[in-house]
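Worksheet for the structure shown next.
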Amino acid sequence: MDWAEYALAFVGFFLTHSLPIRPPLRPWLEARLGRSGFTIAYSALSLAVLTWLIVAAGRAPFVGLWDWAP
C-alpha cells in the first residue's frame, strides 16, 4: 500500500505539472480565473501535490541498495 501511495503521488505530481500549462487548457483556465487567479491556483495546487509527494516518500518502505561502509 505504501508504494502505491508514492506511485499515485508521483503520477499526480507529473499530471498537475504538465496538464494545466498545455495550450488548450491554460487559456481556458485563465479566462475563468484571470491571470493572477490562475497563478495562485496553480501555485497552491503545486505546493499541495509536492507536499503529498514528500509525505508519501516518507511513508514508503526503505530499500537499502548497499551496506554502509565501516
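Just the heavy atoms: all of them, side chains too, but no hydrogens, waters or symmetry mates, feed the values below.
Contact check for Trp52 versus Glu5: side-chain heavy atoms found under the 4.5 Å cut-off. Put simply, the side chain of Tyr6 does not reach to within 4.5 Å of the side chain of Arg59, judged on heavy atoms. Taking 4.5 Å as the limit, some side-chain heavy atom of Trp3 sits within range of a side-chain heavy atom of Val63. Looking at heavy atoms from C-beta onward, Pro20 lies out of side-chain contact with Arg26 at the 4.5 angstrom threshold.
Between atom CG of residue Leu25 and atom OG of residue Ser18 there is a gap of 10.0 Å, rounded to the nearest 0.5 Å. Interatomic distance, CG of Leu15 versus CG of Leu45, reported as 10.5 Å (0.5 Å rounding). One distance of note links CG of Leu29 with CZ of Arg35; it measures 13.5 Å at 0.5 Å rounding. Between the CG atom in Leu53 and the OG1 atom in Thr16 there is a gap of 9.5 Å [rounded to 0.5 Å].
Residues Phe13 and His17 come closest through the heavy atom pair O-ND1, 2.9 Å.
Counting heavy atoms of neighbouring residues, nucleotides and ligands inside a 6.0 Å radius, atom OH of Tyr42 exceeds 12 of them.
Linking ILVMFWY side-chain heavy atoms closer than 4.5 Å, directly or via other members, places Leu8 and Val11 in two distinct hydrophobic clusters. Using a 4.5 Å cut-off between side-chain heavy atoms of Ile, Leu, Val, Met, Phe, Trp and Tyr, with links allowed through other members, Leu19 and Phe14 fall into the same hydrophobic cluster.
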